[in-house]
Amino acid sequence: MLSLSISSPPPAIAGGNGEPAAYDFHPSPSISLSCCRRNGYPLLLAVPKTSEGTPTSSYSFRNSSRRSAISERKAAIEQVKESTNLEATLPRVEGLLRAEDLNVILRYFGESRRWIEVSQLFDWMQKNKVLNLTSYSTFIKYMRISRNPVKALQVYDSITDKSTRVHLSICNSLLGCMAQNGRFASSVKLFSKMKDDGLSPDVVTYSALLSGCCKEEDGYSKAVQLVQELENSGLQKDAVIYGSLIAICASNNLCEQAEEYFNQMKELCAPNIFHYSSLLNAYSANGDYAKAEKLVVDMKSTGIEPNKVVLTTLLKVYARGGLFEKSHNLLTELQALGYAEDEMPYCLLMDNLAKAGKIEEAREVFEKLKENKVKSDGYAYSIMISAFCRARMLQESMQLAKSCEVNYEKFDLVMQNTLLRAYCIAGDMDSVMKMLKKMDELKLSPNWNTFHILIKYFCREKLFHLAYRTLEDMHNKGHKLNEELCLSLISQLAKAGFPSESFSVYNMLRFSNRNVNKSIHETVLNILVGAGLLKDAYVIMKDNMELISKSSLNKFATSFMKLGNINLINDVIKAFYRGGRTIDSEIFQMAISRFIEKPKKKDLLLHLLKWMESHGYVVDSTSRNLLLKNSHIFGQKKLLAEMLSKQHVNSRILRGLQVEV
DNA sequence: CTAGGGTTAG
């Protein structure tokens, strides 16, 4: 329904007879708005209001040239860009702006890092179905930069149109988003799904994947594999691939390989600023400032002026190399150039000062950062909190952590971990629990570091069961367990009277870590024997006999003969034999008397005696007498007597042989 | 339609 206002010419909708039909109306949602686009007024700048004063979607109609339609759209774009209230502004452009116009705005918000607006605008585009392929890839790209892979995935999953979902550039952007946000495994999964869906990966696909290798453990070998695959599929390394490779080498401290790729690439094309800055970063690993300075000179000679990243990386080289005077000077230079407006260079200097033990100097840089009102995402805080923790300045770290919590609402996982550690080290249980609750609310899933911090803390607070449960959680979430931590938990759980949990930690550790320290088996064996968990002890002993000392084995065997499951006694003895261990006659003696106490187990006893006979073991005289005295329980006195006498002969033969040798 | 990939911080 149209509700007319202002003037009232006949509602001859635009295009009718070329008459200017200037009136406003409130479109009902069912009316297609595409017919309302042509319009010469700089709409939206002054939105006419209805008599009620509500600023709703209002359009003026007018026949006009194409050129004015374009300028109208341009004006609308500008207005949305400048809007401080997208929710109110967007409905006014409904039907006027096309997907490509909205993409322009999306990029504008993205490039100015206004993530809230990016999301608001995109949500609106989705809701109103004014979007195209580019909208998706652009949005996903900004989710990559703003480190929001979850949102990117949500959006991707919401795509119903198959030709959009299975599209190389969409998939490539999602791949890059996952890879660069620490979800390398997911990106590899997506990669193989793409191939299954019939897409042919191109260089962009590979460089997106490579970008994830930088922060990945063992990233270099993964990168080499990917490049191999790229070349096998007939593609060639381009400048971007080389750039990624050099960056990966740099972050894996492979300075020489970085140089090699750099030189290799020079044959192909002239290095650009990305290649230079990545190679420079490779030099930062060793703080090789001489090479770094030479590289910057080379770069300048090819006509490339160092940018913010290059100079910041050079600062990193100096700071890593412990050249703090040069670092300070460069920071001043960066400030003068307007390159120190974010916290990065301060962070580099602070962190390295603190790690070099110059905590007070680090604190001064931090103060300077605050004085200069440098915008911080919290990294600077994180660095200082960690630095104070490291220096055991617990008061300072706590104070900073608290003020950090007040000043920053949005934390990422590293920040959470930093605060958590500060609270844990200071022993502030209240804050620890609050932090955990907050992490839960923010749906931040703990990483390896989080678990590690908590387990150590719970141990220290003697909350062993909590420590155990946390470790279990960590294991179930697929994190590799740290041996040292497990070992300490194993012994602490045992001391606190939780041997089963101790054993369970041992099993989790073995599951997650193939090459555990060899002495751990004996440690756990002794714990289990001490606690009387002999069946579990038997499993350990059987699997690791060659790694366990004679005295521990004997302690185990003695306990088992006395208290272990009677049905397993023969198995234990045989396991000793198979493991090449000597079996003392006391062990046999204990086994035999154990069986005699349980006449129902006479078959096991007979089995043992036969086994001893065939393996050259003698029944000692005490056992012999005991057996003869209780021979009635066997019902077959004769059989027993025969067996014992035969054995006696055998053993004499055996002894005779030994003497001859 | 121009799209999707690489550099610096904890």
Side-chain angles (χ1 to χ4, degrees), chain A residues 98-101 103-104 106-107 132-141 144 167-177 179-180 187 194 199 201-215 223 230 237-251 258 261 265 271-282 284 306-317 319-320 334 339-340 342-352 354-355 369 376-387 389-390 404 411-419 421 449:
Chain A
R98 304 173 188 173
E100 53 265 41
D101 301 327
N103 290 346
V104 169
L106 198 61
R107 274 194 288 270
N132 55 22
L133 264 176
T134 312
S135 318
Y136 284 110
S137 49
T138 306
F139 179 74
I140 295 171
K141 171 184 159 183
R144 168 172 59 81
H167 190 282
L168 195 57
S169 62
I170 301 283
C171 289
N172 282 348
S173 56
L174 186 62
L175 210 60
C177 180
Q180 272 186 52
S187 67
M194 283 167 68
L199 291 175
D202 61 1
V203 264
V204 178
T205 316
Y206 284 99
S207 59
L209 271 173
L210 283 177
S211 70
C213 293
C214 264
K215 283 158 199 145
L230 170 137
K237 299 202 280 284
D238 68 359
V240 175
I241 297 280
Y242 272 110
S244 308
L245 283 172
I246 298 167
I248 292 161
C249 292
S251 43
Y261 281 122
M265 196 209 52
N272 65 23
I273 199 152
F274 286 92
H275 304 113
Y276 280 108
S277 64
S278 295
L279 184 57
L280 204 57
N281 191 32
S284 75
N307 65 2
K308 188 163 88 173
V309 175
V310 168
L311 292 178
T312 308
T313 309
L314 185 61
L315 178 69
K316 184 178 168 187
V317 179
R320 279 271 172 93
L334 282 163
Y339 289 168
D342 60 37
E343 58 185 336
M344 185 88 71
Y346 294 88
C347 288
L348 287 166
L349 184 50
M350 270 161 36
D351 191 37
N352 284 289
K355 283 179 179 158
L369 169 139
S376 167
D377 289 327
Y379 296 131
Y381 281 84
S382 176
I383 289 169
M384 283 314 292
I385 293 167
S386 299
C389 283
R390 207 180 301 125
C404 199
F411 297 138
D412 67 358
L413 192 55
V414 175
M415 183 58 109
Q416 298 273 5
N417 286 342
T418 306
L419 296 181
R421 194 172 60 207
N449 198 11

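Note on naming: letters A, B, ... go to the chains in the order of the sequence lines (proteins, then strands), and numbering restarts at 1 for each one.
Atom-to-atom, NZ of A:K215 to C1' of B:dT7 comes out at 11 Å; the value is rounded to the nearest Å. Look at CG on A:N172: it is 11 Å from P on B:dG4, rounded to the nearest Å.
A sub-4.0 Å separation between OP1 or OP2 of B:dT8 and a side-chain N or O of A:N281 is present. Between A:K141 and B:dA3 there is no side-chain polar atom (N or O) within less than 4.0 angstrom of OP1 or OP2. Taking only side-chain nitrogens and oxygens, A:R144 comes nearer than 4.0 Å to OP1 or OP2 of B:dG5. Between A:T138 and B:dG4, a side-chain N or O to OP1/OP2 separation shorter than 4.0 Å is present.
For A:S169, the listed nucleotide lying nearest its side chain is B:dA3; candidates were B:dT8, B:dA3, B:dG10.
Across all strands shown, A:L168 has heavy atoms under 4.0 Å from base atoms, whether or not it also approaches the sugar-phosphate.
For B:dT7, the base has no donor-acceptor partner in the side chain of A:S278 [N/O atoms by modelled type, under 3.5 angstrom]. With hydrogens and angles left out, the side chain of A:D202 and the base of B:dG5 share no donor-acceptor pair within 3.5 Å. In terms of polar N and O atoms assigned as donor or acceptor, the side chain of A:S137 never comes within less than 3.5 Å of the base of B:dG4 in a complementary pairing.
A:Y242 is linked by a ring-ring contact (aromatic ring centres under 6.0 Å, His included) to nothing, counting only residues two or more places apart in sequence or in another chain. Residues that satisfy the side chain to side chain contact (heavy atoms under 4.5 Å, CB included) test with A:D377, not counting sequence neighbours, are A:E343, A:Y379.
Side-chain atoms of A:S169 and A:N172 form no donor-acceptor pair, as typed in the model, at a separation below 3.5 Å. Side chain to side chain, A:D202 and A:T205 meet the donor-acceptor criterion of an N or O pair below 3.5 Å.
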